[in-house]
Amino acid sequence: MEGKREKWMVFSAWPYVNSVPHLGNLVGSILSADIAARYLRMRGAEVVFASGSDMHGTPIEVEAIKRGIEPKELAERNHEYVKKLFEKWNISFDNYSKTESPVHIKFVQDFYRKVYDNGYIFDDVVQMLYCPNDKIFLPDRFVVGTCPYCGYEKAHGDQCENCGRLLEPTLLINPRCAICGATPIVKTTRHWFFDLPAFTEKLEKYIEGNKNLPANARNMSLQMVREGLKPRSVTRDNKWGIPAPFPGAEGKTIYVWMEAVLGYVSAVKEYFEKRGTPEKWREFWFDENTKTVYFIGKDNIPFHVIIFPALLMASEEGYVLPWTVASTEYLLFKGLKFSKSKRHGIWIDEALEVFPVDYWRFALTALRPEVRDTNFTWEEFRRVINNELNDAIGNYVHRVLTLAYRRFGQVPEPVEESREAAELSSTISKLVDEAGDAMARFRFKEALAKIVKLAGEGNAYLNRTKPWELDDGAAATVLYGALHLVKALAITLSPIIPGSAQKMWEFLGYSDSVERHLWEEAKEPPPPGQALKEPKPLFRKISEEDIDKAIERIEEIRRAKEASS
RNA sequence: AGCGGGGUGGGGAAGCCAGGUAUCCCGCGGGGCUCAUAGUCCCCCGUGGGGGAUGAGGGACCCCGAGGUCGGUGGUUCAAAUCCACCCCCCGCUACCA
């Protein structure tokens, strides 16, 4: 660690709280970010892990209108619900904020005033569709009509879901407002734009020079920059949002995308304010050595690699640009995309009603769509939990602890040289390094595979050495090595299944928190003489009936929800 | 259409960037072992758990084995799953939905 601690900011995309995230949303962004943050802390880095709820925008406004309540009330209610869920998922946010946070609102307004003063904002008049009945301007998505190409009657203004063609709302035959069905009219309005093209050269240099970006993100973004950037509108005519601070822009709000990304900064600022060191955020954001990683869906790579860096540049204040972005492919549910409207998939609140959080964290990591779309099925879930979590890891930990606890009651002192034990020790070091290396590259699935392999090595070691047949001295030596491996499992599993790792840690006789230890300590055996605690099985097998019950239970929850809303 | 990702034994994944041994998990066949969370029996609170007993052997664990022209065709090379070209499938993105 060469004297000075590394500084890291770990971010995940801000969930839009119009709905509860599903497992597909969680796996690539928030859960991945959490594992990264936990790992980096265990590497001794100084980490700030932040995210928050994205609360503004048309969908929430519309939903609130439908229910006859204020958008703020709906957004706050959803925010609280989602925030509690992340706590249940054991997400170790240093700060989980929201775009309605006063710190965020003030920051956004100050920020855009600065960008305006620097000359990167201009205004222009545009024509947009407007619903005279709901009295709001309609985003493309909120206009439906008949597709001019295929005749599909429920095509949206941006794209026809039936034939897949990209559309303009004005191309639709018989256009209607998606909210009330009235015929929209074309209306003139003034909007403020961010001069993105002004940053073409700087962006190209930044993207080309940033070798940490994944190849796909670099290529895609470079391509887009070279094809030519267009100005981005910053304002909207929505009521629900952050008031635009530009002269003459009274009544306009900042477009959600363009303000929510600034949450990455404001949430760190807010975090240090809460801790009573309100200036410390600058040490992170204005230090070019701070590393930042953004866990996002692959669909918004351009936003994080082009628009967000350009905004930071436009402030001319020296913010550290993204060090890397990390995205995954999609998690499919039974072969199809998760779909809110079709209720196809599993949502993060339902999941915890049917199985413990660590089962989910483990299975989602094991099935993480690292290089290609991955299919989630209940059969796979059951297989992963039974074979890997329970049989390989859980059973190993339990058999070692039981053997050692019954015979010695403490971590035994090794009394003789043992070739087997020495080999095990070097195997542990090797796999701990390999798992750490994969973690550092944010390849968590790969890291987990190494850890499962570690447990397999432990099981093989016990089968070879048969400590139950040995006298006390020889058994002590063998079990000492086996307990070392349990310690290594507790440490390396801590970022993935923190709760269960902590239990392993306590069975080993430790009374502090495993996550406060360093990754490297996995290579050191536990201290001889430390009293062990009586072990209890950590996991249970899942039967086919358990799965059937879980599916039924989820159905029940959905029926209850629908009935109440 | 353009761009990006992918097509590897029955299923699921790694390897490809830095060519030379095709690896892992499930499933399948055979074997070893009996320390531990299957099973069976009994008891307790209750409908999901808690405690106890049992086992020459079933689950777990470990070992061995069967199974693949690595999407197709052509090229480069002493050598290609890996590099190049073309083609065929699948998925995603294409910036005012968040």
Side-chain angles (χ1 to χ4, degrees), chain A residues 13-19 54-60 62 126 128 137 139-142 156-159 165-166 178 191 193 196 214-224 227 229-236 255-258 260 297-303 306-307 327 329-330 332 337 366-367 369-375 377 379-380 382-384 386-388 390-392 394-404 406-407 443 445-446 449-450 452-453 455-470 475 479 482 535-541 543 549:
Chain A
W14 285 42
Y16 193 67
V17 294
N18 188 33
S19 58
D54 184 359
M55 302 172 104
H56 301 132
T58 310
I60 285 180
V62 168
V126 293
M128 280 193 73
F137 282 92
D140 292 358
R141 183 96 200 142
F142 280 80
H156 287 251
D158 53 347
Q159 184 173 25
R165 268 186 232 252
L166 299 181
H191 276 301
F193 292 81
L196 190 57
N216 64 340
R218 286 186 69 205
N219 293 342
M220 193 190 292
S221 305
L222 270 181
Q223 182 70 18
M224 286 169 79
E227 274 175 7
L229 299 167
K230 284 186 265 179
R232 289 282 302 216
S233 73
V234 177
T235 52
R236 285 291 181 279
Y255 173 38
V256 271
W257 254 123
M258 300 297 274
K298 62 179 169 181
D299 51 338
N300 59 39
I301 286 173
F303 214 94
I306 297 175
I307 297 171
S327 64
E329 299 298 312
Y330 285 123
L332 305 176
K337 282 185 77 172
L367 301 173
E370 227 137 77
V371 291
R372 76 187 82 184
D373 290 354
T374 302
N375 200 12
T377 61
E379 293 74 35
E380 272 292 293
R382 194 171 151 239
R383 204 216 88 217
V384 164
N386 286 350
N387 294 317
E388 295 178 17
N390 185 72
D391 294 349
N395 187 35
Y396 174 75
V397 169
H398 192 257
R399 79 195 285 212
V400 172
L401 287 169
T402 304
L403 280 165
R406 289 194 187 150
R407 192 140 176 195
R443 298 284 290 260
K445 178 194 216 167
E446 193 183 322
K450 298 287 181 193
V452 173
K453 183 148 196 266
E457 293 289 345
N459 275 317
Y461 170 79
L462 288 183
N463 281 27
R464 273 199 310 275
T465 53
K466 299 187 175 56
W468 50 89
E469 287 179 0
L470 302 175
L479 288 177
K536 290 249 157 55
L538 288 162
F539 313 106
R540 273 181 54 230
K541 282 214 186 210
S543 67
K549 274 185 201 160

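Note on naming: letters A, B, ... go to the chains in the order of the sequence lines (proteins, then strands), and numbering restarts at 1 for each one. Model, not experiment: these values are computed from the prediction.
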query: With respect to the side chain of K445(A), which nucleotide from C62(B), A98(B), A13(B) is positioned closest?
result: A13(B)

field: Base-pairing mate for A1(B) - Watson-Crick or G-U, with both contacts under 3.5 Å
entry: U94(B)

Where P59(A) and N18(A) come nearest, the two heavy atoms and their spacing: CB-ND2, 3.9 Å

message: Main chain of E457(A), side chain of Y396(A): is a donor-acceptor contact present, judged purely on distance under 3.5 Å?
response: no

message: Given the structure, check if the side chain of N395(A) and the base of U37(B) hold any donor-acceptor pair shorter than 3.5 Å.
response: no

- prompt: Is R382(A) touching bases, backbone alone, or none of the nucleic acid, heavy atoms closer than 4.0 Å?
  reply: nothing

Rounded distance in Å between the C1' positions of G12(B) and U37(B): 26 Å

- request: Tell me the partner of C35(B), counting only Watson-Crick (N1-N3 plus N6-O4 or O6-N4) or G-U wobble (N1-O2 and O6-N3) with both under 3.5 Å; none if nothing fits.
  value: none

- request: Let me know the distance between CG of N18(A) and C1' of C97(B), rounded to the nearest Å.
  value: 10 Å

query: In whole angstroms, how far is the P atom of U37(B) from the CG atom of N386(A)?
result: 16 Å

task: Decide yes or no for F137(A) and V126(A): does some side-chain heavy atom of the first lie under 4.5 Å from some side-chain heavy atom of the second?
output: no

message: Which heavy atom of I306(A) sits nearest to which heavy atom of L229(A), and what is that distance?
response: CG2-CD2, 4.0 Å

message: On the nucleotide C97(B), are OP1 or OP2 found under 4.0 Å from the side-chain N or O atoms that Y255(A) carries?
response: no

task: Between A98(B), C61(B), C97(B), spot the one nearest the side chain of D391(A), thanks.
output: C61(B)

- request: Give a yes/no answer on whether the side chain of R540(A) brings an N or O atom under 4.0 Å of OP1 or OP2 in G49(B).
  value: yes

- request: Return the value, rounded to whole Å, for the distance between atom CD1 of I307(A) and atom P of A98(B).
  value: 13 Å

message: Any non-hydrogen side-chain atom of N459(A) less than 4.5 Å from a side-chain atom of R399(A)?
response: yes

message: Rounding to an integer number of angstrom, what distance separates U76(B) and C84(B) when you compare their P atoms?
response: 15 Å

For E380(A), all residues meeting salt bridge (charged side-chain N to carboxylate O under 4.0 Å, His left out), sequence neighbours excluded: R383(A)

field: Note, W257(A) side chain near N300(A) side chain (heavy atom, < 4.5 Å)
entry: yes

- request: With C1' as the reference atom in both, quote the distance from G30(B) to G67(B) in angstrom, rounded to an integer.
  value: 15 Å

- prompt: When the distance from CZ of R236(A) to P of C96(B) is rounded to whole Å, what number comes out?
  reply: 9 Å

field: Length of the CD-P vector between E380(A) and A13(B), whole Å
entry: 8 Å

task: Take the protein atom CD1 of I301(A) and the nucleotide atom P of C3(B), then report the distance between them rounded to whole Å.
output: 17 Å

- prompt: Quantified in whole Å, what is the C1' atom distance between nucleotide A66(B) and nucleotide G29(B)?
  reply: 7 Å

- line: Heavy-atom nearest pair, A366(A) first then K445(A), reads O-CE, 3.2 Å

Which protein N or O atoms sit under 3.5 Å from an N or O of nucleotides 90-92 of chain B?
from: C91(B); atom 1: O2'; to: D373(A); atom 2: OD2; distance (Å): 2.8

- prompt: Heavy atoms under 4.0 Å, any strand shown: does L229(A) hit a base, just sugar-phosphate, or nothing?
  reply: base

field: Rounded distance in Å between the C1' positions of A79(B) and A22(B)
entry: 15 Å

message: On RNA chain B, does the nearest nucleotide to L196(A) precede the nearest nucleotide to N390(A) from the 5' side, or the other way round? Give the residue.
response: N390(A)

query: Rounded to whole angstroms, how far apart are CG on L401(A) and P on U37(B)?
result: 12 Å

query: Over how many whole Å does the gap from I306(A) atom CD1 to C96(B) atom P extend?
result: 13 Å

- line: Mate of C16(B) across any strand shown (Watson-Crick or G-U wobble, both atom pairs under 3.5 Å) is none

- request: Taking the side chain as every heavy atom from C-beta outward, state whether Y16(A) and I60(A) have any pair of such atoms under 4.5 Å apart.
  value: yes

query: Looking only at atom C1', what distance separates G71(B) and A80(B), rounded to whole Å?
result: 16 Å

- request: Considering non-hydrogen atoms only, spot the tightest contact between L462(A) and P467(A) and give its length.
  value: O-CD, 3.7 Å

- prompt: How far, in whole Å, is G9(B) from G68(B) if one measures between their P atoms?
  reply: 11 Å

Separation between the C1' atoms of U69(B) and G31(B), rounded to whole Å: 33 Å

message: Need one value for P302(A): base, sugar-phosphate or nothing, where a base atom within 4.0 Å counts as base even if backbone is also close, heavy atoms only.
response: nothing

- request: Encode nucleotides 24-35 of chain B as B, S and - characters from 5' to 3', where the letter depends on protein heavy atoms closer than 4.0 Å: B to the base, S only to sugar-phosphate, - to neither.
  value: -SS-----BSSB

message: Please find the pair of heavy atoms, one from S221(A) and one from I301(A), that lie closest to each other, and give the distance.
response: OG-CG2, 4.1 Å

message: Looking at U82(B), which nucleotide sits across from it as a Watson-Crick or G-U wobble partner, both distances under 3.5 angstrom, or is there none?
response: none

message: Quick check against the 3.5 Å criterion: does H191(A) have a side-chain atom that pairs as donor or acceptor with the backbone of T235(A)?
response: yes

task: Could you check N375(A) against Y16(A) and say which one's nearest nucleotide on RNA chain B is further toward the 5' end?
output: N375(A)

query: Does A53(B) pair with anything, Watson-Crick or G-U wobble, both distances under 3.5 Å, and if so, with which nucleotide?
result: U40(B)

